[in-house]
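On a predicted model such as this, the values are computed, not experimentally measured, just so you know. For ligands, and for the atoms within them, numbers begin at 1 and follow the listed sequence.
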Amino acid sequence: MKHEVFPADAERGGASALVASAELGIDEFRQIAAIMQAEARIHLVETKITLVHSRLARRLRERGLTRFKDYVALVNEDEEERRAMVVALTTNHTHFFREAHHFDHFRGQVLPVLQGRARVGQPVRIWSAGCSSGEEVYSIAMCLAGDAQASANWLKTSDVKLLATDISPPVVDAVRRATYSAATVEPIPQTYRAKWLRPNGDNFVIADELRALVTARVLNLFASWPMRQKYDAIFCRNVMIYFDDRAKAELEERLVDMLAPGGHLYIGHSERLIGAAATRMEAVGQTIYRKSGGGQ
Ligand SMILES: C[S@@+](CC[C@H](N)C(=O)[O-])C[C@H]1O[C@@H](n2cnc3c(N)ncnc32)[C@H](O)[C@@H]1O
């Protein structure tokens, strides 16, 4: 099967044209899929062969290779290239205030409880698991802070921490930079934009006060987790769609274990809890679940 994904390169000729027309045979695709399963539990079905070809063509070019067979051999022996392949094959699509009903629920139902807990000196912990470039975690931060200094002041006197994790180091760096284009910040409500964005050339940077709440870390959700505290809310949205049912059920269990009693789990619009974890959670909204206990 041939995939001509860079016709412009092909017209120009040279090495990149060779890569563009390199064949990704089903055997190599299956080996790549097996590596993705082992490394990240990402489940690549055979209909993704064109996508995999187009995303890896650049890796071949950068490594001076013209055959997928040689690339698979390289990935098998070179850990760094294996990590680069995982990065290339993850989908990082995200945007600010994606699935707005989650943020409405969080502001309306969860925030008052968290503020009550903070008032009596209890810590508040929120995790964006599979955070991509940070739009999700900074949307949460804006909900916590509101759109005025008065509504944000409670954060200064409280122990509030947001963790943002992803398997892909470049997106974790983007969370740390907290710098977004004008088009990217468009979905942020105007009052939040006015309060929490600082212009920086053509871009916008999230205000230091919100950035200070966020810790960004590289973390494979299927590795061991170093966190010891329980979370009041976990956003793991549009991440589980990439896993097979066994991996999903395993991850759900671990996420529910990480929630404090009464904690909330937000998952993506096309996702649902499928494993035993569902029995430990009450559905309290569209793709929103609450762990029993906690007296809320
Ligand atoms: C489509 S984005 C979702 C971003 C955000 N949660 C949202 O809903 O807008 C999925 C993210 O999950 C990450 N991811 C995929 N597999 C992962 C794994 N095994 N461990 C950690 N993160 C993973 C990807 O790198 C990607 O950034």
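- Under the salt bridge (Lys or Arg N to Asp or Glu O under 4.0 Å) criterion, Arg211 pairs with no residue at all, not counting sequence neighbours.
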Are there any protein N or O atoms under 3.5 Å from the N or O atoms of ligand 1? List them with distances, or say none.
residue: ligand 1; atom: 6 (N); partner: Gly130; partner atom: O; Å: 2.8
residue: ligand 1; atom: 6 (N); partner: Glu136; partner atom: OE2; Å: 3.1
residue: ligand 1; atom: 6 (N); partner: Arg237; partner atom: O; Å: 2.9
residue: ligand 1; atom: 8 (O); partner: Arg98; partner atom: NH1; Å: 3.3
residue: ligand 1; atom: 8 (O); partner: Arg237; partner atom: O; Å: 3.0
residue: ligand 1; atom: 8 (O); partner: Asn238; partner atom: ND2; Å: 2.8
residue: ligand 1; atom: 9 (O); partner: Thr94; partner atom: OG1; Å: 2.6
residue: ligand 1; atom: 9 (O); partner: Arg98; partner atom: NH1; Å: 2.8
residue: ligand 1; atom: 19 (N); partner: Ala40; partner atom: O; Å: 3.0
residue: ligand 1; atom: 19 (N); partner: Asn220; partner atom: OD1; Å: 3.1
residue: ligand 1; atom: 20 (N); partner: Leu221; partner atom: N; Å: 2.9
residue: ligand 1; atom: 22 (N); partner: Ile167; partner atom: N; Å: 3.3
residue: ligand 1; atom: 25 (O); partner: Asn92; partner atom: ND2; Å: 3.3
residue: ligand 1; atom: 25 (O); partner: Asp166; partner atom: OD1; Å: 2.6
residue: ligand 1; atom: 27 (O); partner: Asn92; partner atom: ND2; Å: 2.9
residue: ligand 1; atom: 27 (O); partner: Asp166; partner atom: OD1; Å: 3.4
residue: ligand 1; atom: 27 (O); partner: Asp166; partner atom: OD2; Å: 2.6

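- Among Arg125, Arg117, Gln122, the single residue meeting the side chain to side chain donor-acceptor pair (under 3.5 Å) criterion with Asp159 is Arg125.
- Applying the 4.5 Å side-chain rule to ILVMFWY residues, one finds that Leu51 remains a lone member of its cluster.
- With values rounded to the nearest 0.5 angstrom, Met142 atom CE is found 12.0 Å from Lys195 atom NZ.
- Among the candidates Val175, Leu163, Leu219, Val214, the single residue satisfying the side-chain contact (heavy atoms from CB on, under 4.5 Å) test with Cys131 is Val175.
- Contacts of Glu77 classified as salt bridge (Lys or Arg N to Asp or Glu O under 4.0 Å), with partners at least two apart in sequence or in another chain: none.
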